[in-house]
Amino acid sequence: MTSQRTRERLVQRLVDQGITNHAVLEVMRTTPRHLFLDEAMAHRAYEDVALPIGFQQTLSQPYIVARMTELLLADGPRERVLEIGTGSGYQTAVLAQLVDEVFSVERIKALQLKARQRLRQLKLRNVQMNHADGGLGWPERGPFDAILSAAAPERIPEELLQQLAPGGRLVIPVGADEQHLQVVTRTREGFETQIVEPVYFVPLRPGTEK
Ligand code: SAH
């Protein structure tokens with residue numbers, strides 16, 4: 001399950017699907033995805049599929065984690081990054097190895113607590129977590145060089161755009177029945193939007209849960 005060969009196969013699949021950023025591929029090769037799943041699911045950790053993590057939520061498919069991370073890093077390094085939807089903490093762990101500081105917001109407390117333990121186990125200490133509605137961003141910690149959302153709003157919340165630093169970019173799935181991955185860059189003149197590809201994410205939901 002955790003064998004080197006299984007992980008190499010996953011990375012090869014990511015390459016076949018068009019992921020080219022070497023740093024991202026290397027982090028995906030070495031990050032133990034099985035640690036982010038409950039035992040009953042861990043044997044599927046290196047398949048390129050989304051997997052259940054409880055509370056009707058899912059750990060994103062490796063391809064989409066790699067793709068979003070690559071888009072986030074496309075124009076050079078990012079220092080302060082806001083993540084919306086900590087979930088299992090897997091995407092958080094990937095980001096934490098590629099940027100200076102990660103600020104991760106999750107609306108379900110129980111998921112946040114588990115994710116925090118896993119990151120501690122992996123000795124990833126450049127992550128701050130918040131139990132809150134990530135649709136509002138994390139204004140006290142902004143502005144951010146990049147924002148990545150693992151949950152899809154119907155429309156991009158204005159708060160997220162406002163918390164982007166100049167030159168900063170937001171990588172986010174948008175839409176209800178039909179969703180598309182979008183990259184919004186804050187330029188001197190305003191905001192530039194790029195529609196990347198159709199995706200399927202859990203919805204961004206308001207408020208918080210225990
Ligand atoms: N990156 C995570 C993805 C988890 S799924 C992983 O790979 O494990 C998306 C997560 O977004 C869920 O945990 C869900 O609870 C969370 N979420 C949904 N709406 C949210 C909101 N408004 N604020 C914060 N988190 C939210």
Side-chain angles (χ1 to χ4, degrees), residues 10 14 24 27-28 31-38 40-42 44-72 81-99 102-119 121-122 124 127-142 144 146-161 163 170-176 179 181 199-210:
L10 173 64
L14 297 176
V24 173
V27 165
M28 301 277 304
T31 305
R33 193 170 183 253
H34 63 279
L35 292 186
F36 293 84
L37 290 159
D38 292 331
M41 276 294 148
R44 303 194 58 191
Y46 299 96
E47 294 175 28
D48 190 22
V49 292
L51 293 166
I53 54 173
F55 306 90
Q56 298 171 348
Q57 304 303 321
T58 55
L59 198 172
S60 306
Q61 180 194 1
Y63 165 72
I64 206 75
V65 171
R67 186 87 177 106
M68 290 176 86
T69 309
E70 185 173 77
L71 288 166
L72 186 119
V81 175
L82 173 68
E83 177 190 42
I84 298 160
T86 316
S88 67
Y90 176 71
Q91 169 87 70
T92 323
V94 169
L95 285 173
Q97 296 171 79
L98 293 162
V99 306
V102 182
F103 302 85
S104 189
V105 184
E106 170 58 55
R107 66 181 290 283
I108 301 175
K109 186 76 185 173
L111 287 176
Q112 188 203 7
L113 292 176
K114 272 202 219 178
R116 177 171 280 153
Q117 276 181 359
R118 291 165 178 148
L119 294 173
Q121 202 179 337
L122 295 175
L124 295 170
V127 179
Q128 291 184 39
M129 291 190 175
N130 195 14
H131 178 227
D133 177 357
L136 305 173
W138 192 347
E140 297 81 5
R141 294 286 187 280
F144 302 99
I147 302 177
L148 182 154
S149 180
E154 280 184 36
R155 251 169 279 111
I156 297 179
E158 188 57 33
E159 287 86 345
L160 300 186
L161 297 174
Q163 288 169 41
L170 167 64
V171 181
I172 187 168
V174 184
Q179 299 174 1
L181 188 59
V199 284
Y200 186 75
F201 276 83
V202 298
L204 185 82
R205 300 188 55 202
T208 57
E209 289 177 34
K210 272 194 213 152

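The figures that follow rest on heavy atoms only: side chains count, while hydrogens, waters and symmetry mates do not. Both counts, for ligands and for their atoms, begin at 1 and track the order of listing.
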For atom 5 (S) of ligand 1, what is the nearest protein heavy atom, given as residue, atom name and distance? Thr58 O, 3.1 Å
Short N or O distance, Arg205 and ligand 1, threshold 3.5 Å exclusive: yes
N/O of Ala150 under 3.5 Å from N/O of ligand 1, yes or no? no
Can you find a pair of side-chain heavy atoms, one from Arg33 and one from Leu59, that are under 4.5 Å apart? yes
Which ligand 1 atoms, with their elements, are less than 4.0 angstrom from a heavy-atom of Val105? 24 (C), 25 (N)
Side chain to side chain, Ile53 and Leu51, heavy atoms closer than 4.5 Å: no
Can you tell if the side chain of Leu14 reaches within under 4.5 Å of the side chain of Tyr63, non-hydrogen atoms only? yes
Just which atoms of ligand 1 are under 4.0 Å from any heavy atom in Ile108? 15 (O)
Output for pair (Glu158 CD, Gln163 CD), nearest 0.5 Å, gives 10.5 Å
Heavy-atom distance under 4.5 Å between the side chains of Thr86 and Leu111, does that happen here? no
Are side-chain heavy atoms of Val49 and Arg44 found at a separation under 4.5 Å? yes
Of Leu119, Val102, Val105, the one forming a side-chain contact (heavy atoms from CB on, under 4.5 Å) with Met129 is Leu119
For Glu154, does the CD atom have more than 12 heavy-atom neighbours from other residues, nucleotides or ligands under 6.0 Å away? no
Note: Pro203, heavy atoms under 4.0 Å from ligand 1, region reported as backbone
Tell me, please, which residues at least two apart from Phe36 pass ring pair (Phe, Tyr, Trp, His ring centres under 6.0 Å). Tyr90
What atoms of ligand 1 come closer than 4.0 angstrom to any heavy atom of Leu111? 13 (O)
With heavy atoms under 4.0 Å as the rule, classify the contact between Val202 and ligand 1 as side chain, backbone, both or neither. side chain
Ignoring hydrogens, just give me the one of Thr86, Ile53, Leu59 whose non-hydrogen atom is nearest atom 2 (C) of ligand 1. Thr86
Run the numbers for me: atoms of ligand 1, each under 4.0 Å from some heavy atom of Leu204, listed by number. 19 (N), 20 (C), 21 (C), 22 (N)
With no hydrogens and no angle check, do the side chains of Gln91 and Thr69 hold a donor and an acceptor under 3.5 Å apart? yes
Proximal ligand 1 atoms for Ala132, defined as those under 4.0 Å from one of its heavy atoms: 23 (N), 24 (C)
Starting from atom 14 (C) of ligand 1, find the nearest protein heavy-atom neighbour and note its residue, name and distance. Gln57 OE1, 3.3 Å
Among all protein non-hydrogen atoms, which one is nearest to atom 15 (O) of ligand 1, and what is the separation to 0.1 Å? Glu106 OE2, 2.6 Å
May I ask which of Ala50, Ala93, Gly85 has a heavy atom nearer to atom 1 (N) of ligand 1 than the others do? Gly85
Where is the nearest protein heavy atom to atom 23 (N) of ligand 1: which residue, which atom, and how far? Gly134 N, 2.7 Å
What is the closest protein heavy atom to atom 25 (N) of ligand 1, and at what distance does it sit? Arg107 N, 3.3 Å
Of the backbone atoms (N, CA, C, O) and the side-chain heavy atoms from C-beta on, which set of Ser60 has a member under 4.0 Å from an atom of ligand 1: side chain, backbone, both, or neither? both
For Gln91, the atoms of ligand 1 under 4.0 Å from one of its heavy atoms are 1 (N)
Please confirm whether Pro206 comes under 4.0 Å of ligand 1, counting heavy atoms of the residue only. no
CZ (Arg141) with more than 12 external heavy atoms under 6.0 Å: yes
Options Pro153, Gly87, Ser88, ranked by nearest heavy atom to atom 8 (O) of ligand 1, top entry: Ser88
Got Leu98 and Leu72 here, is their nearest side-chain heavy-atom distance under 4.5 Å? no
